[in-house]
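The figures here come from the full heavy-atom set of this structure, side chains too, leaving out hydrogens, waters and symmetry mates. As the structure is a prediction and not an experimental result, all values here were calculated from the model. Lettering of chains follows the sequences in order, A, B, ..., and the numbering in each one begins at 1.
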Protein chains: 2
Amino acid sequence: MRVLIVEDDPLHRSYLHEAVRAALPECDMVVEAESGQSGEIEARKARVEHVVMDLQMSERNGIEAARTIWRERPDTKILFWSNYSDEAYVRGVSRIVPEGATYGYVLKSASDERLKLALRSVFVESQCVIDREVRGIQQKSLGNAHGLTDAEYEILVDVALGLTDKAIAQRKRLSLRSVQNRLQQLYEKLEVYDLPDDGMEGWYNLRMRAVAVALLRKVLNSSALERAERELHDRSGS
Amino acid sequence: MRVLIVEDDPLHRSYLHEAVRAALPECDMVVEAESGQSGEIEARKARVEHVVMDLQMSERNGIEAARTIWRERPDTKILFWSNYSDEAYVRGVSRIVPEGATYGYVLKSASDERLKLALRSVFVESQCVIDREVRGIQQKSLGNAHGLTDAEYEILVDVALGLTDKAIAQRKRLSLRSVQNRLQQLYEKLEVYDLPDDGMEGWYNLRMRAVAVALLRKVLNSSALERAERELHDRSGS
DNA sequence: GCAAAATATGCGGGTTTCCGCAGGACAAAG
DNA sequence: CTTTGTCCTGCGGAAACCCGCATATTTTGC
């Protein structure tokens with residue numbers, strides 16, 4: 001078995017190396033990469049089918065790397081190992097996981113034991129392992145108490161990029177009014193409507209406030225924004 | 001000499017502990033805290049005057065912790081040890097450092113050597129040590145090529161929180177038009193004006209786009225936003 | 001297959017942004 | 001004292017946003 005570790009922090013990388021060695025005695029080769037970029041290259045070169053991947057690396061982040069790896073070999077087993085459980089990351093991951101692929105999502109705050117268990121489960125047993133806390137986020141984001149639909153999320157991202165209603169309508173092949181409808185749903189779900197106290201009305205620019213709330217609640221994060229920005233420029237050129 | 005380490009990642013924490021022991025043989029006591037919250041308490045309890053502080057911790061971030069520590073003992077020497085050199089962090093730090101205080105700013109990507117040198121310089125020699133890269137950000141943000149004035153930055157934050165022009169005017173004791181003036185300056189400095197190609201005009205909602213650009217350029221980040229949000233709620237209650 | 005619910009579109013208007021133009025306040029330089 | 005530069009302010013209008021109301025179109029559930 002060959003395992004690829006993609007992680008930019010040297011400390012965490014060597015810790016992972018250790019953990020892989022300890023949890024997977026049948027593993028006869030461990031490759032390390034320190035960025036998403038080089039991770040993709042190493043994966044291609046060494047033909048690994050087991051990857052431990054950090055999200056949020058400075059160069060090219062884990063989600064993008066995972067997507068290209070999966071595009072080339074959809075049967076690759078990937079264990080995501082991340083600091084946070086931002087809804088933006090969780091959503092980003094589940095957006096790219098191919099049909100039937102096996103993967104895992106473990107937080108860095110988890111114990112050694114949990115990490116090793118996850119390594120064995122995902123790589124040997126081909127079983128999906130999602131950290132309890134991450135699972136919670138997933139549930140909440142789907143079971144729509146405050147959870148956003150995919151459609152709503154898309155609009156949110158476009159708004160956050162700074163596009164006008166008209167531009168969004170054009171990009172998404174919708175009428176202007178439909179876009180504004182979706183926006184209103186967003187405003188409700190994000191509870192953007194003013195402060196409860198006082199006669200503070202009209203204090204918020206709803207469009208901007210919605211994005212601010214999404215950022216504060218980690219529904220959006222800057223890495224998701226960066227991805228969207230790149231995508232926007234690519235598409236506008238094509 | 002007593003040293004307090006405030007860092008939420010266990011791996012980094014023990015690495016720091018090691019580095020402190022190695023670099024400062026005269027240090028006879030090392031205290032660890034795993035959040036800004038507990039960092040403040042430990043600092044008070046152990047009366048340390050030397051702190052190594054991580055920025056961006058989940059609970060209460062390093063900047064806030066540093067501020068309260070400095071408020072109680074302005075002669076405390078603090079070495080900030082951070083992953084990134086976002087302008088938002090740099091600005092946040094220089095905003096809170098008291099007159100004449102000694103501090104340092106080292107990136108986690110720096111070598112062992114650099115870290116140890118910084119520890120000795122700041123804690124023993126009482127000399128400020130700012131990482132080269134961070135220094136660069138500082139320069140750029142002050143020497144205003146694209147750098148924002150403090151006034152502009154304030155407006156930017158308020159806009160990013162989702163306040164309307166009117167609300168900002170009231171908060172800042174300015175007329176509506178003045179706020180809009182400052183906004184226009186922002187738009188220019190952030191180069192928000194549309195894509196160069198095509199007849200793409202009116203594609204951007206300037207107000208939103210400005211914030212998006214600021215986020216992408218790390219002039220703003222979510223931690224700065226959180227701080228501002230808390231502040232907003234505090235002030236509105238008083 | 002049909003009713004109900006969700007989603008998409010058009011219209012119209014009130015409000016907010018965005019910004020050019022023009023004038024005042026105040027400080028620094030000539 | 002005048003000039004120049006910077007900052008604040010008011011006015012007015014075009015464009016964009018927010019959103020209630022009414023009408024298709026599609027999806028869903030039974």
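Rounding to whole angstrom units, CG of residue L206(A) and C1' of dC18(D) are separated by 7 Å. dT16(C) atom C1' lies 12 Å from atom CG of L183(B), rounded to whole Å. Going from atom CD1 of I168(B) over to atom C1' of dT17(C) covers 12 Å, rounded to whole Å. If you take CH2 of W203(A) and C1' of dC18(D), they are 20 Å apart, rounded to a whole angstrom. The NZ-P distance, from K166(B) to dT15(C), rounds to 10 Å in whole Å. Atom-to-atom, CZ of R207(A) to P of dC18(C) comes out at 10 Å; the value is rounded to the nearest Å. In this structure, Q180(B) atom CD and dA15(D) atom P are separated by 17 Å, rounded to whole Å. Between D165(A) atom CG and dC18(C) atom P there is a gap of 13 Å when expressed in whole angstrom units.
Side-chain contact between L55(B) and N61(B) is absent, with no heavy atoms from C-beta onward closer than 4.5 Å. Side-chain contact between S126(A) and K77(A) is present, with heavy atoms from C-beta onward closer than 4.5 Å.
In the model, R182(A) has no side-chain atom that pairs as donor or acceptor with a side-chain atom of Q185(A) under 3.5 Å. Under the 3.5 Å distance criterion, with hydrogens and angles disregarded, no donor-acceptor pair is assigned to the side chains of Q127(A) and S121(A).
Within 6.0 Å of atom CD in E133(B), 12 or fewer heavy atoms from other residues, nucleotides or ligands are found, so the atom counts as exposed in its surroundings. More than 12 heavy atoms of other residues, nucleotides or ligands shown are found within 6.0 angstrom of CD on Q56(B). Taking a 6.0 Å sphere around CZ of R217(A), one finds it holds more than 12 heavy atoms contributed by other residues, nucleotides or ligands.
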Quick test: give all pairs of protein nitrogen or oxygen and nucleotides 4-9 of chain C nitrogen or oxygen below 3.5 Å, distance rounded to 0.1 Å.
residue	atom	partner	partner atom	Å
dA8(C)	OP1	R182(A)	NH1	3.0
dA8(C)	OP2	R182(A)	NH1	2.9
dT9(C)	OP2	S175(A)	N	2.8
dT9(C)	OP2	S175(A)	OG	3.4
dT9(C)	OP2	S178(A)	OG	2.6
dT9(C)	O5'	S175(A)	OG	3.3
dT9(C)	O4	N181(A)	ND2	3.4

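For residues 155-163 of chain B, proximity to DNA chain D is found at no residue, defined as any non-hydrogen atom under 4.0 angstrom from a strand atom.
Ring orientation note: the planes of Y103(B) and F80(B) are nearly perpendicular, at an angle over 60° on the 30°/60° scale.
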Which side-chain N or O atoms in residues 91-100 of chain B pair as donor and acceptor under 3.5 Å with protein atoms at least two apart or in another chain?
residue	atom	partner	partner atom	Å
R91(B)	NH1	D150(B)	OD1	3.3
R91(B)	NH2	E87(B)	OE2	3.1
R91(B)	NH2	L148(B)	O	3.4
S94(B)	OG	V90(B)	O	2.9
S94(B)	OG	R91(B)	O	3.4

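Judged by distance alone with a 3.5 Å cut-off, no donor-acceptor contact links the side chain of Q184(A) to the base of dC18(D).
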